[in-house]
Number of protein chains: 2
Amino acid sequence: MPHINLRNDLYGITSLLDFRKETAAPLCELTQVLLRGESTLTESERELIAAYVSSLNECVFCSTAHSSASCLLPGGETTGMKPMLADLSELHITPKMKCLLQLAAKVQQGGSFVQQTDIDLAKDQGATDLEIHDTVMIAALFSLYNRYVDGLATRRPDDPGFYEALGKRVTTRGYKMPDDGYHALNYKP
Amino acid sequence: MPHINLRNDLYGITSLLDFRKETAAPLCELTQVLLRGESTLTESERELIAAYVSSLNECVFCSTAHSSASCLLPGGETTGMKPMLADLSELHITPKMKCLLQLAAKVQQGGSFVQQTDIDLAKDQGATDLEIHDTVMIAALFSLYNRYVDGLATRRPDDPGFYEALGKRVTTRGYKMPDDGYHALNYKP
């Protein structure tokens, strides 16, 4: 039961975006730039950073949705991925991505947890300043999202089919606010 | 020494906003809506939520700047405020604001730390759904900012005069991106 009065046919973040459209518009725009804008990191890699941070924050809604998106996008894990990622060694990722995920995990704990060695390791694997910036900012953005979604106790379906449908929607439509408002995914709990 | 190559005449968040303007624009817009948009919480109260969360995250740059802004705005603490807020009982705030700050502190820890009792206490003091929403979202937004600013090790002046000048700038100009780019505050460390 959400802590505030949200539309009861919407779940997780979509119910919050619908509740306050003035904040939804810039939040969606920021997410679109970071996860879908031009980048030397693939869309699947950027979704993986989002999923990993959400997993560390134990935000089931976000980690399940973004794991699903990461797998569905080109280059994603083809055998699926545990929504709550415990062990990076199970993933088929580049050494650079492994360093960037370790950096994201430091940011998840707090900004001052990041050490020069975390940055040096990523740079040794070829990470650019922009890739390091975007990794830190995606990790920080999902530190926002996870708190927003769980702090207001938004509704969370258990059905894996819901997250697959949501993952598919964000891979095809991205994060821009729909002109005609938010829609339920024809999902009945 | 910042972890990435930032302009060396800018400090803290402004150096990051200057580094990546595509993400700066929606981030500034979101902050403007939450901290300066129409609200039944005063601008000083909303700056206090930002300062308090930043203090709990031990982000000196953000907590000092937003404490300064909160004091400078109408209704703000007139005797100044410790940038790293330790004790809410020293502040001249309403019972509703005390509940909202306690809610923000739960969000700072993580979304699932928020309990129904935190919400009930705030509602008993007259907090509306929108005030609760915005408190949670401001706390989540500064969980982003604090990680972004410290995770990339941005430069941080020690001089209190710098933060007073920055606080003054955001009380008069708000958070919209300046059309002519970011400016140093004529500050020399």
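Every chain is numbered from 1 and lettered A, B, ... according to where its sequence line falls, protein lines coming before strand lines.
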Would you say B/L41 and B/L73 are hydrophobically clustered, going by side-chain heavy atoms of ILVMFWY under 4.5 Å? no

Looking at residues at least two apart in the chain, or sitting in another chain, which of them share a salt bridge (charged side-chain N to carboxylate O under 4.0 Å, His left out) with A/D18? A/R7, A/K21

Highest number of heavy-atom pairs under 4.5 Å with chain A: which of B/K123, B/Q116, B/Q115, B/M137? B/M137

Which residue out of B/D150, B/L144, B/V149 racks up the most heavy-atom pairs below 4.5 Å with chain A? B/L144

Part of B/L141 within contact of chain A (heavy atom distance under 4.5 Å): both

Under 3.5 Å, is there a donor on one side chain and an acceptor on the other for A/T31 and A/Y145? yes

For A/R36, salt bridge (charged side-chain N to carboxylate O under 4.0 Å, His left out) partners two or more places apart: A/E43, A/E47

Turns out that what part of B/F19 lies under 4.5 Å from chain A's heavy atoms comes down to side chain

Side chains of residues 99-112 of chain A: which donor-acceptor partners sit under 3.5 Å, not counting sequence neighbours?
from   : atom 1 : to     : atom 2 : distance (Å)
A/K106 : NZ     : A/D118 : OD1    : 3.0
A/K106 : NZ     : A/D118 : OD2    : 2.9
A/Q108 : NE2    : A/N57  : OD1    : 2.7

Gap between atom CD of A/E164 and atom OG of A/S67 - 0.5 Å precision: 12.5 Å

Side chain, backbone, both or neither: which part of A/L30 has a non-hydrogen atom closer than 4.5 Å to chain B? both

Do A/S44 and A/S70 pair up side chain to side chain, a donor and an acceptor below 3.5 Å, judged on atom types alone? yes

Picking from B/R20, B/E29, B/M1, B/Q32, which has the most non-hydrogen pairs under 4.5 angstrom with chain A? B/R20

What residue among B/Y11, B/Y163, B/F142 forms ring-ring contact (aromatic ring centres under 6.0 Å, His included) with B/F61? B/Y163

Does atom CD of B/E22 have more than 12 heavy-atom neighbours, drawn from other residues, nucleotides or ligands, at distances under 6.0 Å? yes

Under 4.5 Å, heavy atom to heavy atom: which of residues 125-136 of chain B reach chain A? Give them by number, or say none. B/D129, B/L130, B/I132, B/H133, B/D134, B/V136

